[in-house]
Amino acid sequence: MKNQIKNPMQQGQRLDDWIIPINYTLLFKTNFKSFRFEGNEDITLHIARPVKSIRINSNKIKIKSARVVSKGETINCRIKLDPKNKIAYLGLEKEISGSANLLIDFEGINNDDMYGFYRSSYTTKSGKTEYMLASQFEAADARAAFPCFDEPKFKATFNVTIEIPKDFTAISNMPVKSERVSGGIKTVKFFTTPKMSTYLLFLGVGKFDKISTNLGNLKINAYSTRGKGNLCKMALGYAKKFIEFYEGYFRIKYPLPKVDLIAIPDFAAGAMENWGAITFRETAMLGDEKTSSISSKEQIAETVAHELAHQWFGDLVTMEWWNDLWLNESFATFMSFKAMDAVFPEWQTDVQYFDEVIATAFSADALVNTHPISVDVSTPEEINEIFDEISYEKGGTFLHMLEDFATPKIFRSGLHDYLKAHSYSNATKYDLWNAISASALKHHLKIDGKIREFANKWLENYGYPILIQDDSDPKKFSQQRFVISKPLSSSDDGQLWLLEVKCYDLQKRFSKLMGKKVISMPYAGSGALKLNYGQDYLYRVKYSDSNLEKIGLAIKEGKLSALDAWGVEGDLFSLVRSGNSNLNQYLRFIRDYCMNVGYPANSSILGHIDWLDFMLAGTKEYSGLRDIGSNFAMGILKKLGWSKKPQERSVESMTRSHAIRVLGQFEDKETVSKARKMLDSYFSGKVKLDPDLKTPIYVTCAANGDMKLLDKLLTRYKEEKIPEEKRRLLQTLGYFRGKKEIHRALEVCMSKDVRLQDSFVIPAILSSNPAASSALKKWTFENWQKLKKKYDIGTHMLPRFVDNFSMLSNKEDYSEIKGFFGKKANYRGDIKISFAKTLERISANKRFIDKNAIKK
Ligand code: BES
Ligand code: ZN
């Protein structure tokens with residue numbers, strides 16, 4: 001007879017469906033000397049079929065003892081560990097079923113790697129090092145803090161108790177139920193949570209500044225380390241407004257009695273949506289209405305809005321399994337912009353959405369190495385890999401399209417029904433289709449069948465289409481996949497998409513549903529015909545040459561919006577990058593037609609000019625680019641001027657800043673000297689500097705500066721306490737162009753002056769510094785083993801150092817990168833995707849250069 005007990009290794013990483021946790025009663029005893037924690041837990045289980053063993057997730061914690069109490073009897077467990085699969089295997093003497101309690105004593109370490117139950121450090125005003133503890137459990141690291149059933153569908157209630165030194169504060173998802181001090185130790189008990197997933201649990205211990213506000217009965221709190229309470233006000237105010245918006249939009253009240261925003265000095269991601277206890281990197285939360293730049297404010301608002309959206313999408317209703325991660329992240333991306341647009345219409349985030357979210361989707365999804373929004377994943381490594389532009393930006397763009405396709409009213413009422421039906425529970429994408437389709441039926445809209453087809457195509461397909469206009473029959477378009485690394489003639493893989501094709505012929509708008517390969521638009525004219533009118537759909541267009549010229553003229557004459565111009569320019573630029581159109585055509589197009597185009601087209605063109613500046617260095621085409629590029633940027637700057645006008649729109653302030661940065665990097669004499677004067681008088685303490693000008697001025701001075709300036713910036717960096725300014729100074733160090741300065745910047749990034757969470761910043765900036773390519777490559781190769789050691793897989797940071805080579809473009813670079821990271825001693829599982837994408841990008845760049853430039 002076969003052994004009843006299977007080898008745990010063969011059972012893989014998923015837990016058994018029939019062992020269901022109902023409640024966890026958890027106690028953590030913290031220790032601020034040893035930074036080891038002791039814990040015990042009592043998990044109430046429902047066991048749906050007789051078992052002689054229990055598999056539970058556990059990683060890097062020591063299980064001291066485990067026993068099961070079933071029907072009044074205590075049964076000790078034999079503990080077998082499967083560290084590779086992060087599973088503990090608890091063997092029982094006796095078969096059990098029905099209701100049972102699993103009691104486990106365990107022990108762990110508060111690590112410095114920013115995941116699990118970890119430690120963060122900071123210095124107080126008096127210069128003393130202090131520590132705090134925080135948890136980061138998503139995606140699969142609750143198991144690094146306590147043995148648990150660490151899959152999103154195992155929702156349970158949690159009674160958390162934490163023991164801490166008496167002068168510390170503890171935070172968890174729910175409000176404090178009781179506090180008791182004895183012998184210098186404070187025991188903090190929290191109220192029982194509603195049913196929730198393990199990855200959303202939070203444990204925090206520290207000495208904080210705290211400010212609070214109310215929204216009806218809801219308490220909203222913001223925490224930071226001491227001395228930074230003032231910097232919490234802005235985020236707290238944003239939070240209140242966004243919660244109000246979401247409660248109205250979803251027609252569902254915020255589900256918990258309180259929500260905390262907590263700024264943590266060491267934090268791997270930007271922020272994390274723990275239910276009722278949201279954590280942030282300091283730069284993503286701390287700011288000031290008066291002294292923060294508009295882009296910082298918007299970044300903070302976006303992050304707050306994003307994590308708050310998760311409180312409904314993700315926390316109240318959670319994806320059944322990570323293959324539907326997009327249900328979390330796409331919604332948070334999409335909703336955060338909706339909320340910002342409602343609360344801060346003056347920011348025009350509805351337009352910024354295109355240049356941030358949709359542009360990112362266009363770029364990330366143009367690779368052969370992409371994945372469908374809906375994707376099979378099983379291991380934690382695979383899960384972590386899909387927190388990417390496809391789950392965030394492409395998914396967000398898909399929702400934008402779906403809202404348009406189903407109409408905003410039906411979309412919204414479908415979301416409400418979906419959230420209501422699956423509250424405190426889990427859902428899949430099918431539940432969402434059903435809800436939106438049902439809502440369409442209810443409103444007598446006959447698209448319910450189409451919604452599913454639309455969604456399936458967009459969720460299951462790889463990439464997105466390009467519509468190619470027929471040269472001889474201008475009303476005819478055919479669709480095929482667009483890929484940046486291949487010519488159109490070989491990128492068609494037979495996939496088709498469902499699209500609402502919206503057109504504008506400068507007189508009227510018309511649209512038609514496209515599901516087949518070829519479409520014939522109801523258009524008989526011979527004037528300009530703009531496709532994707534309003535740019536709501538994710539596809540590129542290749543216009544016939546003659547139509548493109550007409551569209552160009554329409555842009556010049558202001559007959560098309562800056563958003564539609566953004567679309568046309570973006571389409572043309574992608575065709576150039578992919579070697580399907582040529583560079584001169586593009587440069588002529590912006591010179592002749594786009595000179596005074598508004599936002600977002602102008603910002604996108606500045607970005608493209610910047611990219612070309614890097615790519616074309618050392619080629620004959622370089623000077624032509626610089627002429628057109630400086631003219632373009634100068635045109636913007638002349639129009640906007642150096643100083644803010646009263647009532648100026650925030651996108652204008654940001655565009656000014658972008659134009660100065662480009663001119664500074666082009667080493668434009670006038671810009672450089674003006675920037676240098678402004679920097680010197682600001683640093684001498686004589687004048688204030690417009691917060692929106694800081695970054696462009698710093699960057700301009702650095703790109704044209706020497707070691708003396710670098711040292712000054714570095715000193716300021718070390719002393720700076722305000723997170724936004726500290727980050728700005730750090731970034732600036734990556735813009736220097738001298739050999740010695742680049743070398744110094746690389747030294748700094750690995751030094752003790754830079755936190756682990758920020759240590760990728762300088763190399764990332766250097767990766768688009770045209771003077772730093774070979775130094776960065778050499779440095780990365782020489783330090784690779786050190787980097788591998790420095791970044792635990794749990795930090796998700798190592799792949800960034802591979803991404804840094806995405807701007808390279810020649811054959812030798814390609815083989816060098818391939819050879820180096822492909823070597824067994826250098827490879828690590830978590831760089832797999834970055835490695836493939838980087839190689840693809842390099843080969844696309846090479847095709848672009850081969851086609852468009854001649855090396856000098
Ligand atoms: N759930 C994520 C945080 C996360 C990311 C956890 C990756 C585990 C792995 C959170 O909601 C998030 O998306 N944060 C963003 C910020 C947001 C404004 C896009 C982040 O950290 O960048
Ligand atoms: Zn998110």
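Whatever order the structure lists them in is the order used to number ligands and atoms, beginning at 1.
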Nearest neighbour in protein (non-hydrogen) for atom 6 (C) of ligand 1
Glu138 OE1, 3.2 Å

Report the part of His306 in contact with ligand 1, treating N, CA, C, O as backbone and CB onward as side chain, heavy atoms under 4.0 Å; options are side chain, backbone, both, neither.
side chain

Check the pair Ser293, Glu724 against side chain to side chain contact (heavy atoms under 4.5 Å, CB included), reporting the backbone distance first and the verdict last.
CA-CA 9 Å; Ser293 67; Glu724 176 182 335; 3.5 Å; yes

Within the 4.0 Å heavy-atom shell around Ala269, which atoms of ligand 1 are there?
21 (O)

What protein heavy atom sits nearest atom 7 (C) of ligand 1, and how far away is it?
Phe387 CD2, 3.4 Å

Which atom name does Glu329 have for its N/O/S atom nearest to the Zn ion (ligand 2)?
OE1

Does only the side chain of Arg281 get under 4.0 Å from ligand 1, or the backbone, or both, or neither? Count heavy atoms.
neither

side-chain hydrogen bond (donor to acceptor under 3.5 Å, both in side chains) partners of residues 343-352, not counting sequence neighbours, each pair once:
Glu298-Gln352

Top protein contact for atom 3 (C) of ligand 1, by heavy-atom distance:
Ala271 O, 3.2 Å

Rounded to the nearest 10°, what angle sits at the Zn ion (ligand 2) between NE2 of His306 and NE2 of His310?
100°

Criterion side chain to side chain contact (heavy atoms under 4.5 Å, CB included) on Asp536 and His400, from CA distance to verdict:
CA-CA 7 Å; Asp536 289 313; His400 182 97; 2.7 Å; yes

Run the numbers for me: atoms of ligand 1, each under 4.0 Å from some heavy atom of Glu273, listed by number.
1 (N), 2 (C), 10 (C), 11 (O)

Which one of Thr303, Asn328, Asp388 has a non-hydrogen atom at the shortest distance from atom 18 (C) of ligand 1?
Thr303

Note: ligand 1 atoms sitting under 4.0 Å from heavy atoms of Gly270 are 20 (C), 21 (O), 22 (O)

Measure up the Tyr249 and Phe245 rings against each other and bin them: parallel (under 30°), tilted (30 to 60°), perpendicular (over 60°).
parallel

Here the salt bridge (charged side-chain N to carboxylate O under 4.0 Å, His left out) pairs for residues 317-338, sequence neighbours left out, are Lys338-Glu403

Which heavy atom of Lys258 sits nearest to which heavy atom of Ala277, and what is that distance?
NZ-CB, 4.2 Å

Output the list of atoms in ligand 1 that are nearer than 4.0 Å to some heavy atom of His310, sorted by atom number.
11 (O)

Starting from atom 13 (O) of ligand 1, find the nearest protein heavy-atom neighbour and note its residue, name and distance.
Tyr392 OH, 2.5 Å

Please find the pair of heavy atoms, one from Thr198 and one from Phe137, that lie closest to each other, and give the distance.
O-CD1, 3.7 Å

Is the shortest distance from a heavy atom of Ala332 to ligand 1 less than 4.0 Å?
no

Between Tyr199 and Trp275, is the ring centre distance below 6.0 Å?
no

Return the minimal non-hydrogen interatomic distance between Ala366 and Tyr464, and the atom names on each side.
CB-OH, 3.5 Å

Closest non-hydrogen atoms of Asn221 and Lys219, given as atom of the first, atom of the second and distance, are OD1-CG, 3.6 Å

Determine whether any heavy atom of Gln299 lies closer than 4.0 Å to an atom of ligand 1.
no

